Amino acid sequence: MAQVQLIILITSVALVIIGLYSAIFIDNIIKKIIGISFIEEGANLFIVAIGYKAGGVVPILMPEMDTSWFASNAAYPLPFGLVLTSIVIGASTLAVMLALVMVLYKKYGTLSTKVMLADTSKQEEYNE
């Protein structure tokens, strides 16, 4: 049990670190969005690792189950509900981010943040 949770926790930390690196240091907007998605999935994996119970059963009480056995063997359902909600919210947020990238690409003709920020500073100079 401890080995599985440890592997899951290390994997979730690795996903968050890779996502942070990509979101902060990489120039391409699409790659930044993928990095943000990695951070989200790392957080989801961490929550699932917290709710993991070795030998646990699905938390649905069937009529023939003994309630004391069920209470001691059922997995905690709250983390899994939170992850399902997070997945739905993350998918819709990802769709909005990609739609914004399409608008930025039409406006600037590139996905490079350096070019977009340089163009924005030039526009501010013209406005002054």
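Since this is a predicted model, take the numbers as computed values, not measurements. Position 1 is the first residue of the sequence, and the numbers go up from there. In what follows, every heavy atom counts, from backbone to side chain, and hydrogens, waters and symmetry copies are set aside.
Clustering ILVMFWY residues whenever any of their side-chain heavy atoms sit less than 4.5 angstrom apart, transitively, puts I26 in a cluster other than the one holding L98. Both L45 and F38 belong to a common hydrophobic cluster when Ile, Leu, Val, Met, Phe, Trp and Tyr are linked at side-chain heavy-atom distances under 4.5 angstrom. Criterion: ILVMFWY side-chain heavy atoms under 4.5 Å apart, direct or through other members. Under it, I36 and I34 are part of a common hydrophobic cluster. In the hydrophobic clustering of ILVMFWY residues, with side-chain heavy atoms under 4.5 Å counting as a link, L61 and V57 come out together.
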Please output the side-chain donor-acceptor pairs of residues 70-93 that fall under 3.5 Å, not counting sequence neighbours, one pair per line with the distance.
residue: S72; atom: OG; partner: S68; partner atom: O; Å: 3.3
residue: S72; atom: OG; partner: W69; partner atom: O; Å: 3.0
residue: N73; atom: ND2; partner: W69; partner atom: O; Å: 3.2
residue: T85; atom: OG1; partner: G81; partner atom: O; Å: 2.9
residue: S86; atom: OG; partner: N44; partner atom: OD1; Å: 2.9
residue: S92; atom: OG; partner: V88; partner atom: O; Å: 3.3
residue: S92; atom: OG; partner: I89; partner atom: O; Å: 2.9
residue: T93; atom: OG1; partner: I89; partner atom: O; Å: 2.8

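Contact check for I33 versus V101: side-chain heavy atoms found under the 4.5 Å cut-off. Using a 4.5 Å heavy-atom cutoff, the side chains of I29 and Y105 are not in contact.
D27 places a side-chain N or O within donor-acceptor distance of the main-chain N or O of T113, the cut-off being under 3.5 Å. A distance-only check finds a donor-acceptor pair linking the side chain of S22 to the backbone of K31 [under 3.5 Å].
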Item to complete: For the pair I39 and L15, evaluate side-chain contact (heavy atoms from CB on, under 4.5 Å) and give the outcome as yes or no after the intermediate values.
Response: CA-CA 6 Å; I39 295 169; L15 282 171; over 6 Å; no
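Annotation: the span from I50 atom CD1 to Q5 atom CD amounts to 9.0 Å, rounded to 0.5 Å. Atom CD1 of I30 sits about 10.0 Å away from atom CE of M97, to the nearest 0.5 Å. Rounding to the nearest 0.5 Å places CD1 of I60 at 8.5 Å from CE of M65.
Each of I7, I8, L6 was scored for a side chain to side chain contact (heavy atoms under 4.5 Å, CB included) with V4, with one residue passing: I8.
Listed here is the closest heavy atom pair of L104 and M116: CB-CE, 4.0 Å. The heavy-atom pair separating L9 from A49 by the smallest distance is CD2-CB, 3.8 Å. Taking every heavy atom of both residues into account, T110 and V115 meet most closely at CG2-CG1, 3.6 Å.
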